[in-house]
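Every number for a ligand or one of its atoms is a count from 1 in the order of the listing. Residue indices begin at 1 and follow the sequence shown. This structure is a prediction, so every number in the text was calculated from the model and none was measured.
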Amino acid sequence: MSNYVERCIELCKQNNPGEVEFHQTVEEVLSSLKPVIEKHPEYEEAALLERLTEPERGITFRVVWVDDNGKVQVNKGYRYQFNSAIGPYKGGLRFAPNVYPGIIKFLGFEQIFKNSLTGLPIGGGKGGSDFDPNGKSDAEVMRFCQAFMTELYRHIGPETDVPAGDLGVGGREIGYMYGQYKKIVNRFEGTLTGKGLAWGGALGRAEATGYGIIWYAQEMLKANGEDIKGKTVAISGFGNVSWGAALKLRDLGAKLVTISGPDGYILDEDGINTDEKIATLLELRGSGQNVCEPYAKKFPNAKFFAGKKPWEAAADLYIPCATQNEIQAEDAKSFVDRGVKFVCEGSNMSSTNEAIKIMQDGGIIVGPSKAANAGGVACSCIEMGQNAGKTVFSAEEVLEQLHGIMVGIHKACADASKEYYGKYDLVAGANIAGFLKVANAMMEQGLV
Ligand code: 2IT
């Protein structure tokens, strides 16, 4: 029966040549499902894994816009609508120069399980473009977003597919895309999430992903007899996710000492814990330069390490919050050698499969991103409910619900791994718990 898993991994590689990030997540998820597949032979008869790894629909399109010099620019646009067994497709849009189908499919595939783990009725999808927003003027970003939505609008809708932000897509881009969507369809409906507070956005959505990661990490530590209070924490990135994480770490009495960018990392041993320091993260993001060094110019006690990763800094808990594969095998080995106990992934697929294995074999508790960063999409779903009900929820209502969801996700991961592996393995547990709900829905809905 485990042969079935191997065959499906191989088939996915053959059918999606060169899409290494997609292969990586399929291999990671399917491998951990072996005991589930053994228990349920009916999944193989229904070709469930072949169906799960094939997006229900993939849309690629041309995006044409004019830059500030009057030059015509052409980018690629994508939306992969992966799985709608438990709800409308839901997932972000990523604008980054390295975007190609392998990246969007990896994100879309992960999103299926993440969305299922939230316990909310949302299917999985993801999209984006190879457009690079860094260094672009505001007017260029607006023209690009309008051109992108002029094609995408026909494929999405509040009951069909609800996009949101991801890397390179924040409040500004959602605003420009929503404006264009509304102009074309002539309806005010919640077809994008992460909207501005005055026009349908949920209070708390900006903080949700970062808060959720820290709440998940808190549960992970608690389950292992430790308290997040008083812990020293190293994170990567300086964007929206890192900002939310910094706020919640301060709330819970942990000491954040690093942030990072493509240029290197900042070590602030006094703690990144004042309003001014935490607001600096948003300023760095807003600068459009994609560098973190200016933090050390503003706060001279902090040190900047050019070209280095924050993983070399001493900490009790490490939280990657930047992008995929930021924890490689050598980082994992160094964690094991230094006796690190906890790593909680914030960015989607933060670690290579080899790194996860090294960390887990070395006794490190790893919180997988598809569980730990589910707070963002969970809050998006709350925003969808708010829009559908034509109402507004208070920040307290949203955040209380979100906290409950994160505690529930940790429990679901721990319970599933105990049931199928007889141990506390959140990585396998997240895959299994996320998978079972979707798999059962697919079985009940027949061969579609
Ligand atoms: O990776 C993610 O979960 C997101 N980028 C957020 C998706 C969403 O629909 O809010």
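Ligand 1 has Gln111 within reach: a non-hydrogen atom of the residue lies less than 4.0 Å from it.
Contact detail for Asn373 and Ser347: the closest heavy-atom pair is ND2-C, 3.8 Å. What you find for Ala433 and Leu117 is that their closest heavy atoms are CB-CD2, 3.8 Å.
Listed by number with element, the atoms of ligand 1 under 4.0 angstrom from any heavy atom of Lys126 are 1 (O), 2 (C), 4 (C), 5 (N). Close contacts between ligand 1 and Ala164 involve ligand atoms 8 (C), 9 (O), 10 (O) [criterion: under 4.0 Å to a heavy atom]. Close approach to Asn348 involves these atoms of ligand 1, each under 4.0 Å from a residue heavy atom: 1 (O).
Here Thr209 has no heavy atoms under 4.0 Å from ligand 1, in either its backbone or its side chain.
Between Phe148 and the options Phe131, Phe61, Tyr181, Tyr78, a ring-ring contact (aromatic ring centres under 6.0 Å, His included) holds for only Phe61. The only option from Asn440, Val29, Leu48, Leu30 that meets the side-chain contact (heavy atoms from CB on, under 4.5 Å) definition with Phe435 turns out to be Leu48.
Neither side chain, Lys341 nor Asn224, offers a donor N or O lying under 3.5 Å from an acceptor on the other.
Lys126 and Glu110 are not joined by a salt bridge, as no carboxylate oxygen comes within less than 4.0 angstrom of a charged side-chain nitrogen.
Both cation-pi conditions hold for Lys248 and Tyr211: the charged atom is under 6.0 angstrom from the six-membered ring centre and inside a 45 degree cone around its axis.
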**OP:** Take Lys370 and Glu28 through the test salt bridge (Lys or Arg N to Asp or Glu O under 4.0 Å) and record every step on the way to the result.
**Re:** CA-CA 12 Å; Lys370 64 172 74 65; Glu28 193 266 313; 3.2 Å; yes

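Between Arg205, Glu110, Glu383, it is Arg205 that holds the heavy atom closest to atom 6 (C) of ligand 1. Around atom 5 (N) of ligand 1, the closest heavy atom drawn from Asn373, Leu192, Asp166 belongs to Asp166.
Polar contact check, Gly165 against ligand 1: a nitrogen or oxygen pair lies under 3.5 Å apart.
Scanning the protein heavy atoms around atom 7 (C) of ligand 1, the nearest turns out to be Gly92 N, 3.6 Å. The single protein non-hydrogen atom nearest to atom 9 (O) of ligand 1 is Lys90 NZ, 2.6 Å, given as residue, atom name and distance. Distance from atom 3 (O) of ligand 1 to its nearest protein heavy atom, with residue and atom name: Lys114 NZ, 2.8 Å. Ranking protein heavy atoms by distance to atom 10 (O) of ligand 1, first place goes to Ser380 OG, 2.5 Å.
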